[in-house]
Amino acid sequence: TTTATSKPQTSLDDIFISVKTTKNFHATRLDVIIKTWFTLAREQTWFFTDSDDEEYSEKTHNHLINTGCSASHNRMALCCKMAVEFDTFLESNKRWFCHFDDDNYVNVPQLVRMLQKHDWTDDWYLGKPSIKAPLEILDREHMPQKISFWFATGGAGFCLSRSLGLKMKPLASGGKFISIGDKIRLPDDVTMGYIVEHLLSKQLTVVEEFHSHLEPMKFLKQSHLAEQITFSYSHYGPEMNVLSLNGFNNQIDPYRFLSLHCNLYPNFSFCPR
Ligand code: UDP
Ligand code: MN
């Protein structure tokens, strides 16, 4: 039975999914996303980049947003993109904001199930840190005092509830996110943690099922893949950090996301039958 105060269960359409990307990575990183998990969340997922690209605008069904931010990997440029992602979420009126990198595979149904366990009208910062202790930095306004806080690694993905987003709004919307990142001189995901944990005194809730390539992917067991929410890969010189699973050969699927998708959805169009 429903009452006037009960809230219908969160569904995929209540989530604003943003993927941070850059001009140079469209051709190398977006195709596999578009072919796999994006097909399950086309309406809800937006790519935030730094240039116009007709080919990928078309491939994403006009879900490629040119932030106008600079196309370099510096703190300012990355905070600029996160600021636009956050502002676009606020405008969307969705219940949840979930950020990912363009080297993430998002297990969409599992993301939805995880968010259903949390009330979007409460303050939630859900993600996974990749350091063993809270980050300690000098408090520039009260030297030599220190402050410490947790932050969710951007490359593992993280989510914010609308309730928390609205509390962050006066501090972080309309370009203020960039000013804060500039003041503390730290990357976008750290800036997010600083705003939530230090400025708003809300705590990060650890979601173990988020995985960045700072973790060894090969330790994720094939029998537990469906429970995980995000995956990633990295390729530094000769060193590959990728999922270890059966599927397509390494020429076709070097980063294993096609094989992962077929593992989760054996009947998908491009999967061997
Ligand atoms: N990125 C970006 N601008 C850049 C370089 C990277 O927006 O100049 C994005 C990239 O698309 C990805 C994220 O930042 O979503 C992290 O980049 P990458 O995986 O190359 O580096 P990492 O920090 O994971 O080593
Ligand atoms: Mn990465």
Side-chain angles (χ1 to χ4, degrees), residues 12 15 17-42 44-49 55-56 59-60 63-64 73 98-114 126-130 152-159 189 206-273:
L12 175 58
I15 312 172
I17 300 176
S18 73
V19 178
K20 177 171 67 178
T21 188
T22 185
K23 180 183 160 88
N24 286 109
F25 292 158
H26 293 178
T28 49
R29 296 189 179 186
L30 297 192
D31 285 317
V32 71
I33 293 178
I34 292 166
K35 230 179 139 170
T36 59
W37 68 265
F38 178 66
T39 62
L40 307 178
R42 262 194 200 123
Q44 297 77 22
T45 305
W46 300 85
F47 296 88
F48 289 81
T49 191
E55 181 187 346
Y56 281 87
K59 283 182 168 176
T60 60
H63 276 217
L64 187 73
H73 197 139
C98 296
H99 157 96
F100 303 100
D101 278 0
D102 58 6
D103 50 9
N104 283 134
Y105 179 101
V106 181
N107 185 356
V108 174
Q110 198 62 358
L111 175 70
V112 175
R113 276 192 285 271
M114 185 274 292
L126 305 165
K128 192 178 194 183
S130 43
T153 300
F158 63 79
C159 300
D189 52 356
V206 178
V207 177
E208 293 292 345
E209 291 80 14
F210 284 117
H211 304 284
S212 78
H213 56 68
L214 296 170
E215 299 173 36
M217 285 297 125
K218 64 180 178 204
F219 292 139
L220 292 173
K221 288 278 161 293
Q222 194 154 347
S223 50
H224 293 285
L225 296 178
E227 297 154 31
Q228 311 307 319
I229 299 169
T230 56
F231 306 87
S232 191
Y233 61 84
S234 66
H235 190 177
Y236 292 114
E239 247 178 89
M240 295 274 271
N241 178 12
V242 297
L243 285 166
S244 162
L245 42 73
N246 301 328
F248 296 101
N249 70 42
N250 287 324
Q251 272 75 54
I252 292 173
D253 187 23
Y255 303 128
R256 311 313 291 154
F257 281 3
L258 297 176
S259 303
L260 171 62
H261 196 70
C262 290
N263 221 277
L264 298 174
Y265 309 99
N267 297 324
F268 208 78
S269 58
F270 61 75
C271 302
R273 306 209 49 186

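Along the sequence shown, residues are numbered consecutively beginning with 1. Note that the coordinates shown come from a computational prediction; the quantities given were computed from them, not determined experimentally.
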* Asked: Where do Leu30 and Lys59 land on the side chain to side chain contact (heavy atoms under 4.5 Å, CB included) test, with the steps shown first?
  -> CA-CA 9 Å; Leu30 297 192; Lys59 283 182 168 176; over 6 Å; no

* Asked: So Leu260 and Phe231, side chain to side chain contact (heavy atoms under 4.5 Å, CB included) or not? Walk me through it.
  -> CA-CA 9 Å; Leu260 171 62; Phe231 306 87; 3.4 Å; yes

* Asked: Where do Lys218 and Val242 land on the side chain to side chain contact (heavy atoms under 4.5 Å, CB included) test, with the steps shown first?
  -> CA-CA 6 Å; Lys218 64 180 178 204; Val242 297; over 6 Å; no

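To the nearest 0.5 angstrom, Phe100 atom CZ is 6.5 Å from Thr230 atom OG1. One finds the CD atom of Gln222 at 11.0 Å from the CG atom of Leu220 (value rounded to the nearest 0.5 Å). A distance of 10.0 Å separates CZ of Arg113 from CD of Glu227, quoted to the nearest 0.5 Å. Taken to the nearest 0.5 Å, the CG atom of Leu111 stands 5.5 Å off from the CD1 atom of Ile17. With rounding to the nearest 0.5 Å, the separation of CG in Leu214 from CG in Asn241 is 8.5 Å.
Of all non-hydrogen atoms in Cys98 and Ile15, the two that sit nearest each other are SG-CG2, 3.8 Å. Of all non-hydrogen atoms in Pro254 and Gln251, the two that sit nearest each other are CD-O, 3.7 Å. Listed here is the closest heavy atom pair of Pro272 and Cys262: CD-SG, 4.3 Å. Minimum heavy-atom separation, Gln228 to Asn107: O-ND2, 2.9 Å. Of all the heavy atoms in Phe210 and Leu126, the pair that sits closest is CE1-O, 4.0 Å. Among all heavy-atom pairs drawn from Ser232 and His213, the shortest one is OG-CD2, 3.3 Å.
Taking the six-membered ring for Trp and the full ring otherwise, Phe158 and His99 have centroids separated by under 6.0 Å. Aromatic ring centres of Phe257 and His261: separated by at least 6.0 Å. Between Phe38 and Phe47, the gap from one ring centroid to the other is short of 6.0 Å.
Contact annotation: the side chain of Leu245 approaches that of Leu225 to within less than 4.5 Å [non-hydrogen atoms, C-beta and beyond]. Counting only heavy atoms from C-beta outward, the side chains of Tyr233 and Arg29 approach each other to under 4.5 Å. Proximity of Trp46 to Thr60: side-chain heavy atoms (C-beta onward) are nowhere separated by under 4.5 Å. Residues Leu264 and Tyr105 have side chains in contact (heavy-atom distance under 4.5 Å, counting atoms from C-beta outward).
Each of Asn263, Asn250, Asn246 was evaluated against Arg256; a single residue qualifies, Asn250, per the side chain to side chain donor-acceptor pair (under 3.5 Å) test.
Taking 4.0 Å as the cut-off between side-chain N and carboxylate O, Glu209 and Lys128 do not count as a salt-bridged pair. Salt-bridge check for Asp102 with Lys20: failed, with every basic side-chain N at 4.0 Å or more from each acidic carboxylate O.
In this model, a donor atom of one side chain and an acceptor atom of the other lie less than 3.5 Å apart for Tyr56 and Asp31. In summary, the side chains of Asp253 and Ser259 do present a donor paired with an acceptor at a separation below 3.5 Å, with no hydrogens or angles considered. A donor-acceptor pair shorter than 3.5 Å can be found between the side chains of Thr49 and His26.
In this structure, His63 contributes its side chain and Thr45 its backbone to a donor-acceptor pair below 3.5 Å. Not one N or O on the side chain of Thr36 forms a donor-acceptor pair closer than 3.5 Å with the backbone of Leu258. A donor-acceptor contact shorter than 3.5 Å is absent between the side chain of Gln44 and the backbone of Leu12. Side chain of Trp37 to main chain of Val32: no donor-acceptor pair is present (N/O by atom type, distance under 3.5 Å, no hydrogens or angles). Judged by distance alone, the side chain of Thr153 and the main-chain N or O of Ser130 form a donor-acceptor pair under 3.5 Å. The main-chain N or O of Gly157 is never found under 3.5 Å from a side-chain atom of Asp101 such that the two would form a donor-acceptor pair. At distances below 3.5 Å, not a single donor-acceptor pair connects side-chain atoms of His224 with backbone N or O atoms of Ala226. Proximity of a side-chain donor or acceptor of Asp103 to a complementary backbone N or O of Ser234 within less than 3.5 Å is not detected.
Shown here is Phe270, whose CZ atom has more than 12 heavy atoms of other residues, nucleotides or ligands within 6.0 Å.
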